[in-house]
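Take a look at the structure set out below.
What you see is a predicted model; the values in this text were computed from it and never measured. Chain A is the first sequence line, chain B the second, and so forth, proteins listed ahead of strands; every chain is numbered from 1.
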Number of protein chains: 2
Amino acid sequence: MEELGYIPDPVAQALAASRSNVIGVLIPSVTNNVFSATLQGIYEAADDTPYDIQLGNTRYSALKEEMLVRLFLRQRPAGLIISGIDQMPSTRALLERANCPVVQIMEISDDPIDMMIGFSHYEAAKAATQHLIEQGYRKLGFLGARMDPRTQRRLKGFRDAAMAAGVYSEARIRTTQMPSTVTLGSELFAELLGSAPDTDAIFCINDDIALGALFEAQRRRIEIPRQLGLCGFNDFEMMAVANPSITSVRTFRQEMGSQAMKMLVQALDDPTKLTERYVDLGFEIRVRESTSNH
Amino acid sequence: MEELGYIPDPVAQALAASRSNVIGVLIPSVTNNVFSATLQGIYEAADDTPYDIQLGNTRYSALKEEMLVRLFLRQRPAGLIISGIDQMPSTRALLERANCPVVQIMEISDDPIDMMIGFSHYEAAKAATQHLIEQGYRKLGFLGARMDPRTQRRLKGFRDAAMAAGVYSEARIRTTQMPSTVTLGSELFAELLGSAPDTDAIFCINDDIALGALFEAQRRRIEIPRQLGLCGFNDFEMMAVANPSITSVRTFRQEMGSQAMKMLVQALDDPTKLTERYVDLGFEIRVRESTSNH
DNA sequence: GGTCGTAATGAAAGCGCTTACATTTGTCAA
DNA sequence: TTGACAAATGTAAGCGCTTTCATTACGACC
């Protein structure tokens, strides 16, 4: 083999064996840093394995997701990693019937298709909101973009925590279907101040929105954290170095990707004794200057 | 076919026809927003075509790049999109012998492997530096991270422009091999101020570094643009909404991806009458508050 | 009606492997 | 030496298509 420089043909292998060494990964966006970090983890964990990654970009569309699932399944993947828990029933059925391991990532629920690794967006948002309340803030605003099911659950967490403390106000909720950007964060915050200028803290659906709000607050000479508490979500690296540094909910994106991949490889290696099929990675509230209201 | 729900098997098609409908895309990083935006463009342009995208992550390693080229070529791709112009000679040879169209993206050079779309990082950095000089800044610093060949060419552009104006100072160059982050931007800027406190403007290799420098300047109460001119690179959306807004070099990342894909599809459809095989997308200096030194 | 050229249809080989099964070889105890 | 059994090796079918080539059908024309 060495002498002749023989290399097996993966296409012929896949046809004959009716399975490939391709692991399909479905994510809603390649530009969203949350998913790219997860992807990074997946690629890293795939490095020492015989598996290749094939990426599918669902663009936050359940229909596109189903199309991609069909496309992937046709190629007889070794395994599948899919984001979220909000697949259409027909997509779910496809996945359940697929004769390959499937890992759902980013979230957790009590009815996984097969394997699952993620965290509760509801609990995370709830905890962050409770933190704001503990810091003495009472007029809590919520800034949300791209309100997909995942972010809706965050909103629910915010609402439940705020209601429990008796500080919930529908008038301070600002959401949009538009994709999240820093600019949008500034705009949403400006809008919120327009109708509810006495807002004393905001929970942002993600760090981009929080950063936009920070810039807008700076422009308006609103003092953070004295006049306004600010909390983001995801804890991107920049949150710690912003001025002031911004409190955020740390999530374990890269770990999520690498562990998902490892679970898949283990299931492929030895399906019988698979230790973990369901992992809650949790979250951490990283308290920083932007909510240190003393 | 409809009645029986027949769907052709892509694996068998690929084996029999000894070609597939897979277009391989090689990028150095999935987390770097520059590449994810390009990727976004590629996916969009691939949407109405029969081609599927397969992504390879080279992690800024020429060796890994060659391995991935080999891997892809074995699968008989319809075409290949590869980032940059700094392939190893052996990789180049592989690509030249590959019987599929190849598009190099992100940069331009005068010896493309096949097709090419990008812009001159050298010229872009040079123009940005000239802008700083025009604004009256004279003690120009340079902050650079992940100094790969691409960013080295930006440094060269900076140096040549600064030298031409007689304002070049080796002591104000701060570079590192570490991956670029906002935190690193703050640190590099702090370092630069430590050894050259009279620096009156900085050109940052990218927007993350620039944002980090902005935060550090805010902490030190350095007034931008009066005391310090600040210029980034890539013109991410947040540059326009930062406080102050940050001058940056706009590049056409998404267009780069979508046009690369379109070139590929055209070459595949009708290889004879392919109009554009070489595209310089150029750049734009977006002048904002951070360099408006009047 | 017969010839020709063209279009439609049919048949068969083969792409490069995997896998199941048949055959051969090797090993050890009786 | 022989038989039994396991291990190693060899063989052939077939995965689901594409492609080439042979065959048949169809018109048009003289």
Are B:R253 and B:F236 in a cation-pi setup, meaning NZ or CZ lies under 6.0 angstrom from the ring centre and within 45 degrees of the ring axis? yes
Geometric cation-pi criterion, A:R146 with A:Y60: 6.0 Å, 45°: yes
N/O (side chain, A:R19) to phosphate O (OP1/OP2, C:dT19) under 4.0 Å: yes
Integer-rounded Å distance: C:dC17 P and B:R74 CZ: 11 Å
By nearest heavy atom, map B:L15 and A:A17 onto DNA chain C; which one lands nearer the 5' end? B:L15
For the residue pair A:R154 and A:F233, would you count it as a cation-pi contact if the rule is NZ or CZ under 6.0 angstrom from the ring centre and within 45 degrees of the ring axis? yes
Can you tell me if B:Q13 touches the phosphate of D:dC17, counting only side-chain N or O atoms and a distance under 4.0 Å to OP1 or OP2? no
Of all the nucleotides listed (D:dC17, C:dG16, C:dT18), which has the minimum atom distance to the side chain of B:R76? C:dG16
